[in-house]
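Notes follow the structure.
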Amino acid sequence: MSVKILDGKLLARDLKNALKNEVEVLKKEIGFVPRLVNVMVGDNHGACAYAKSQKKAAEYIGIQYELETLPEDVSRQDFSECIKRLNADESVNGIMIHKPIPKHIEYGDIAQYVDTDKDLEGINVTNIGKMLVGETKIIPCTPASVMEHIKSTGIDLYGKEAVIVGHSVIVGKPLSLLLLEQFATVTVCHIATSEAGRLQEHVRRADIIVVAVGKPSVIKGDWIKEGAVVIDVGINQVNDKIVGDVEFDAACKKAAFITPVPGGVGPVTVIMLMRNGIEAFKAQMKKKGK
C-alpha cells in the first residue's frame with residue numbers, strides 16, 4: 001500500500017487563506033478585526049518561537065495579535081489581575097495563557113480566570129462543558145488540528161474504530177468528544193492500558209489512531225492496521241532529531257495516511273488558534289448586535 005503523507009504545512013496554508021478571506025469580509029461588515037492577546041511568563045526560547053509563529057499567522061490573516069510578557073517571578077495575584085484587566089477590555093476579543101508557566105502557579109487554576117467568551121484555547125471548564133453538549137465553536141487547538149487532518153483524508157468517520165493513545169485534558173479527552181460527534185467508535189488508551197498489556201490489541205483494530213503521549217516509538221509500526229489513518233501528535237527529541245510517538249518508517253508500510261513529525265499537526269494547531277479567535281470575535285459581535 002502506498003501511504004499518503006498528510007502535509008500540515010499545506011493544510012495550514014489552505015486553512016489560513018480561508019480565514020484571511022473571512023476576516024476581510026468581517027472587516028467590511030463590522031469595520032474592525034479580532035484583537036488577540038497572548039500572555040507569556042518569562043523568556044522561554046520554545047515559547048517565544050511558538051509566539052512568533054502565531055504572530056506571523058495572525059498578520060497574514062489580518063488579525064491583531066499582541067504578546068504581553070510577565071516577569072518569571074510574577075505572583076498569582078498579579079497574574080490573575082492581568083487576566084481580569086484583559087477580560088474587562090472590550091477591545092480584546094481573545095486571550096490565551098502561553099505555556100509553560102512558573103511552577104509556583106497552577107496553570108489549571110489561572111486558566112479559569114479567562115473569560116469564557118475570550119478563551120482562545122477552549123480550556124476554560126465552561127467551554128469544555130459546552131463542547132460536551134456540542135454548544136461551542138471554541139475547540140482546543142490540537143484536537144481541532146487532528147480533526148482537520150482526518151477531514152482532509154476524505155474518510156467518513158461514521159462507524160469507524162478510532163483509538164486515542166493519551167488521555168490528557170488538552171488533547172485526548174476533548175478529541176474523544178469530537179470523534180464521538182462524528183459517530184466514530186472511540187477507545188481511549190493510557191498508561192494503565194499499557195501496563196495491563198492491552199495497548200497493542202487496541203491499536204491493531206484502529207481505523208483511525210491518534211497518539212499523543214510524548215514517548216518516542218511507543219506505537220510500533222507493525223501494530224498499525226492495513227489502511228489506517230495515523231495522526232501523530234507527539235514531539236520528542238532523540239539525539240539531534242525531532243520524532244513523534246509512532247515508528248514512522250514502519251508505520252508507513254501499513255497506513256493509508258500518516259502525519260509527519262515535525263510538519264504535521266503542529267502547523268495547523270497555530271491556525272486553529274486563529275480560527276478560535278475569529279469565532280470568539282463573531283460571538284461577541286453578535287451579543288452586541290453587530
Side-chain angles (χ1 to χ4, degrees), residues 15 34 36-41 47 50 54 76 79-80 82-84 86-87 92-101 105-151 157 162-193 208 210-214 231 233-235 265-266 268-284 286-287:
L15 293 168
L36 314 181
V37 178
N38 180 2
V39 181
M40 186 166 69
V41 181
Y50 186 43
Q54 292 172 357
R76 180 183 177 280
F79 203 153
S80 64
C82 171
I83 301 302
K84 290 176 183 177
L86 295 172
N87 285 339
V92 174
N93 306 111
I95 304 165
M96 74 169 286
I97 298 171
H98 208 103
K99 295 184 288 293
I101 63 173
I105 296 176
E106 175 62 41
Y107 174 79
D109 178 39
I110 207 73
Q112 301 316 310
Y113 283 98
V114 178
D115 189 301
T116 304
D117 292 338
K118 298 185 178 186
D119 176 20
L120 271 185
E121 296 185 286
I123 42 81
N124 183 293
V125 291
T126 301
N127 279 329
I128 292 293
K130 286 182 177 181
M131 192 173 69
L132 180 65
V133 292
E135 291 184 359
T136 182
K137 292 184 178 180
I138 306 299
I139 307 298
C141 301
T142 301
S145 173
V146 170
M147 294 303 291
E148 288 295 334
H149 278 282
I150 295 172
K151 182 180 176 182
L157 285 171
V163 173
I164 303 168
V165 183
H167 73 313
S168 70
V169 174
I170 60 173
V171 182
K173 289 178 180 177
L175 179 60
S176 69
L177 298 176
L178 297 174
L179 288 166
L180 283 170
E181 279 189 356
Q182 300 301 314
F183 289 93
T185 302
V186 183
T187 301
V188 181
C189 301
H190 38 68
I191 185 65
T193 314
I208 315 289
V210 183
V211 191
V213 176
I231 311 293
V233 183
I235 300 177
V265 173
V268 177
T269 299
V270 176
I271 310 306
M272 295 299 95
L273 185 73
M274 300 300 126
R275 185 169 74 180
N276 279 350
I278 294 169
E279 291 298 334
F281 173 78
K282 290 193 295 186
Q284 289 163 41
K286 186 176 181 180
K287 280 188 176 181

* Can you name the closest pair of heavy atoms from Gly122 and Pro140 and give their distance? -> O-CG, 3.6 Å
* For Gln182 and Leu178, indicate whether the former's side chain and the latter's backbone hold a donor-acceptor pair under 3.5 Å. => no
* Spacing of NZ belonging to Lys287 relative to CG belonging to Asp117, to within rounding of 0.5 Å -> 3.5 Å
* **Note, Val265 side chain near His149 side chain (heavy atom, < 4.5 Å)** => yes
* Structure fact -> Correct closest heavy-atom pair for Ile164 and Gly166 would be CG2-O, 3.4 Å
* **Test item: Tyr50 and Val270 side chains (from C-beta on) under 4.5 Å apart, heavy atoms** => yes
* Output yes when a side-chain donor or acceptor of Ser80 lies under 3.5 Å from a complementary backbone atom of Arg76, and no otherwise. => yes
* If only atom types and distance count, is the side chain of Gln284 paired as donor or acceptor with the main-chain N or O of Ala280 below 3.5 Å? -> yes
* To do: Dump the intermediate steps for side chain to side chain contact (heavy atoms under 4.5 Å, CB included) on Thr142 and Ile170, then the final yes or no.
  => CA-CA 8 Å; Thr142 301; Ile170 60 173; over 6 Å; no
* Structure fact -> Minimal heavy-atom distance between Val233 and Ala212, with the atoms involved, is CB-CB, 3.7 Å
* Asked: Would you say the side-chain atoms of Asn276 pair up with the backbone N or O of Leu120, donor to acceptor, closer than 3.5 Å?
  -> yes
* Is there a donor-acceptor pair under 3.5 Å between the side chain of Lys118 and the backbone N or O of Leu86? -> yes
* Which atom of His167 lies closest to which atom of Val188, heavy atoms considered -> CB-CG1, 3.7 Å
* Asked: More than 12 non-hydrogen atoms from neighbouring residues, nucleotides or ligands closer than 6.0 Å to NZ on Lys84, yes or no?
  -> yes
* Answer yes or no: is there a donor N or O on one side and an acceptor on the other, between the side chain of Thr136 and the main chain of Asn127, under 3.5 Å? => no
* Within-4.5 Å side-chain heavy-atom neighbours: Val165 and Thr193 -> no
* **Side-chain donor or acceptor of Asn93 paired with backbone N/O of Ile278 under 3.5 Å** => no
* Structure fact -> Scanning both residues in full, the closest heavy-atom pair of Cys189 with Val163 reads SG-CG1, 3.9 Å
* Asked: At what distance, to the nearest 0.5 angstrom, does CE of Met147 lie from CE of Met272?
  -> 11.5 Å
* **From His190 atom NE2 to Ser168 atom OG, the distance as rounded to the nearest 0.5 Å** => 12.0 Å
* Asked: To the nearest 0.5 Å, how far apart are CD in Glu148 and CG in Leu15?
  -> 5.0 Å
* Does Lys130 reach the side chain of Ile138, with side-chain heavy atoms less than 4.5 Å apart? -> no
* Would one find more than 12 heavy atoms of other residues, nucleotides or ligands at under 6.0 Å from atom CD1 of Ile235? -> no
* To do: Could you grab the distance from atom CD1 of Ile139 to atom CD1 of Ile123, nearest 0.5 Å is fine?
  => 13.0 Å
* Structure fact -> The single option from Thr269, Val210, Ile208 that satisfies side-chain contact (heavy atoms from CB on, under 4.5 Å) with Val146 is Val210
* **Whether Asp115 side chain and Asn87 backbone form a donor-acceptor pair below 3.5 Å** => no
* Asked: Considering only heavy atoms from C-beta outward, does the side chain of Phe79 approach that of Asp109 to under 4.5 Å?
  -> no
* **Lys137, NZ: over 12 other non-hydrogen atoms inside 6.0 angstrom** => no
* Closest heavy-atom contact between Val169 and Pro174? -> O-CD, 3.0 Å
* Gap between atom CD of Gln54 and atom NE2 of His98 - 0.5 Å precision -> 5.5 Å
* So, does Asn124 use its side chain to make a donor-acceptor pair with the main chain of Asp119 at under 3.5 Å? -> no
